[in-house]
Every structure is written in structure tokens, then in C-alpha cells.
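Model, not experiment: these values are computed from the prediction. Counting begins at 1 with the first residue of the sequence.
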Amino acid sequence: GGPQTYNTNMLRRFFKLLYGTYAALALLAVLLPLCLLIILGPTLALRRAIGRAGVKLAMWVIGQPLRISGLEHLPPGPCICVPNHASYIDGLILTAALPARFTFLVQHGAASWPLVGKTISRMGVSFVNRGSTREAAQAAHELLRRIGEGESFTIFAEGTFKRPPGLLSFHSGAFVIASKAGVPVAPAVIRGSRQLFGEGMRLPGWSQVSITVLPAIAPAGEGRDTANTLRDAVRAAILARCGEPDAAHPLPEPHKD
């Protein structure tokens with residue numbers, strides 16, 4: 001690479017910084033008032049409508065309108081949506097993409113985040129402390145009750161995300177709940193969010209984001225084995241479409257003499 005390559009790289013970095021700064025400021029300008037509107041909203045239905053519209057507006061403002069497909073695959077009754085997890089904004093994206101009857105299972109620590117904790121509480125999420133067996137069991141009981149009353153949930157079965165691209169292993173909790181409640185699981189594939197605001201990024205990057213809901217898979221009964229079979233089927237469906245490697249079962253390194 002000579003001077004031309006150097007200049008091109010400098011220009012690319014400059015525009016990346018320019019866009020990232022604009023996108024961060026634009027997101028703050030939209031999302032901060034949005035949080036306040038949600039907190040002040042008098043009814044849950046209104047708060048969720050504000051949240052969905054606000055996130056779509058935020059994505060449009062930063063030049064990244066969401067591409068959403070496969071919503072016809074969502075069962076009409078209660079179900080659990082399990083997406084892959086690749087970025088800090090996956091929850092926001094799915095808030096906009098899924099019908100308002102869906103809410104989230106969120107780690108309990110998020111409840112204490114300034115402004116955000118109050119906002120998501122007002123959106124009707126359920127919190128879980130996976131580090132405490134007793135509290136996790138209480139959260140599961142609450143989830144089963146709410147599903148029995150007709151609610152649907154989105155649960156990130158990976159539990160977290162990492163910087164390198166790849167689908168992590170799935171925890172079994174969401175699938176145990178689905179088996180006990182007798183409700184189907186709808187796999188969902190998020191593409192592009194890791195490049196938008198993944199692990200370690202200080203500013204957003206430009207990336208077209210899409211959400212695709214795949215055909216729902218119903219549990220074939222109750223029990224741990226049934227839940228694990230359901231988990232593996234959902235994960236395989238997502239892995240086949242997410243465009244990322246299998247981080248739970250990586251291919252072996254080529255042998256070196």
C-alpha cells in the first residue's frame with residue numbers, strides 16, 4: 001500500500017468517526033425523551049406503543065431503518081421468541097420488531113441502571129437473577145404465570161454476547177419454561193447488529209440490520225430431555241441463518257506438522 005492506500009484508509013476512518021459521533025448523539029437525542037415518555041405513560045399498552053415507535057424513529061434517524069420479516073411465523077397465542085444475541089442494542093431492535101404483546105426476561109442488574117432500569121420496568125419486563133437458584137426459580141414461576149395469562153416473552157438464550165462473531169451455547173431455561181407451559185418457541189435471527197454496536201465499540205458503526213422470525217417449534221411434551229431437544233432444534237435453525245460461526249462447537253484447528 002502506497003500513499004493512495006494510506007489516504008483512503010484515513011478518509012475511511014474519518015467518515016467512520018463522523019458517522020459514529022452523529023449516530024451516538026442522534027440516538028441520545030431520541031432515546032432520552034423516549035425513556036421519559038415511557039416512564040410517564042399511563043398504561044402499559046401506550047408505553048409499549050411509544051417504545052416501539054420510538055426505536056423505529058431512532059433507527060430511521062441514524063439512517064438504518066430495520067428490515068423485519070417472518071412475523072407471520074409468530075403463533076397467535078402466547079409463545080417464547082428466542083433470538084441470537086450480538087450487540088448492546090438487540091433488545092431495542094426486538095422491541096421495535098416484535099408485536100407489543102412480547103416483553104423480555106432481563107438480568108436483574110439492569111433494574112438498577114439509571115433511567116434505563118425504570119424505563120424497562122415500565123415496559124413490563126421480568127427480571128431474573130441467574131446467580132441465585134431460589135430467585136431464578138421464583139422468576140420461572142412468575143414467567144409461567146404470565147405466559148398462562150396470555151403474555152409472550154423474548155429470551156436471549158445465550159445470556160450474553162462477545163466481541164468475536166459466533167453463536168454461543170444456549171442455556172436451557174427458556175426451553176424448560178416453554179415445555180412446562182406447553183407453548184411454542186419462535187427462533188429469530190438478528191443480522192448486522194454486531195457491526196452496529198457490538199462488544200467493545202465506543203461509537204455505533206453503520207450496518208444494515210435485519211430481523212427474521214423463523215417458523216415456531218413446539219415442545220413435544222415436558223421434561224429436561226424434551227427441553228434440551230427443543231433447545232438444540234431452535235439453536236440449529238438460528239445457526240443456519242445468522243451468518244456467524246458456531247462458537248459453542250468450533251471447527252478444529254488444522255493440524256500443523
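- Hydrophobic clustering, with ILVMFWY side chains joined whenever heavy atoms are under 4.5 angstrom apart, groups V185 together with L105.
- A parallel orientation is assigned to the rings of F156 and H85, their planes being inclined by less than 30° (bins at 30° and 60°).
- Residue-environment remark: CZ (R241) stays at or below the threshold of 12 foreign heavy atoms within 6.0 Å.
- Across all their heavy atoms, N84 and C242 have their closest contact at ND2-CB, 4.1 Å.
- Judged purely by atom type and a 3.5 angstrom limit, S210 has no side-chain atom pairing as donor or acceptor with the backbone of R67.
- Figure legend: cation-pi geometry between R235 and F170, with NZ or CZ positioned under 6.0 Å from the six-membered ring centre and within 45° of its axis.
- With respect to the salt-bridge test (charged N to carboxylate O, under 4.0 angstrom), the residues E199 and R194 do not qualify.
- At least one donor-acceptor pair under 3.5 Å links the side chain of S112 to the backbone N or O of G109.
- Not one N or O on the side chain of S193 forms a donor-acceptor pair closer than 3.5 Å with the backbone of L196.
- Minimum heavy-atom separation, I177 to L144: O-CD2, 3.8 Å.
- Transitive grouping of hydrophobic side chains (ILVMFWY, heavy atoms separated by less than 4.5 Å) keeps V128 and M123 in distinct clusters.
- Checking side-chain atoms of S207 against main-chain N and O of G192 turns up a donor-acceptor pair under 3.5 Å.
- Cluster annotation: V183 is not connected to L74 through the hydrophobic network of ILVMFWY side chains, with a link wherever side-chain heavy atoms come within less than 4.5 Å.
- For the side-chain hydrogen bond (donor to acceptor under 3.5 Å, both in side chains) criterion with S126, the lone passing option out of E151, E142, R146 is R146.
- One hydrophobic cluster holds both L34 and L94 under the rule that ILVMFWY side chains link at heavy-atom gaps under 4.5 Å.
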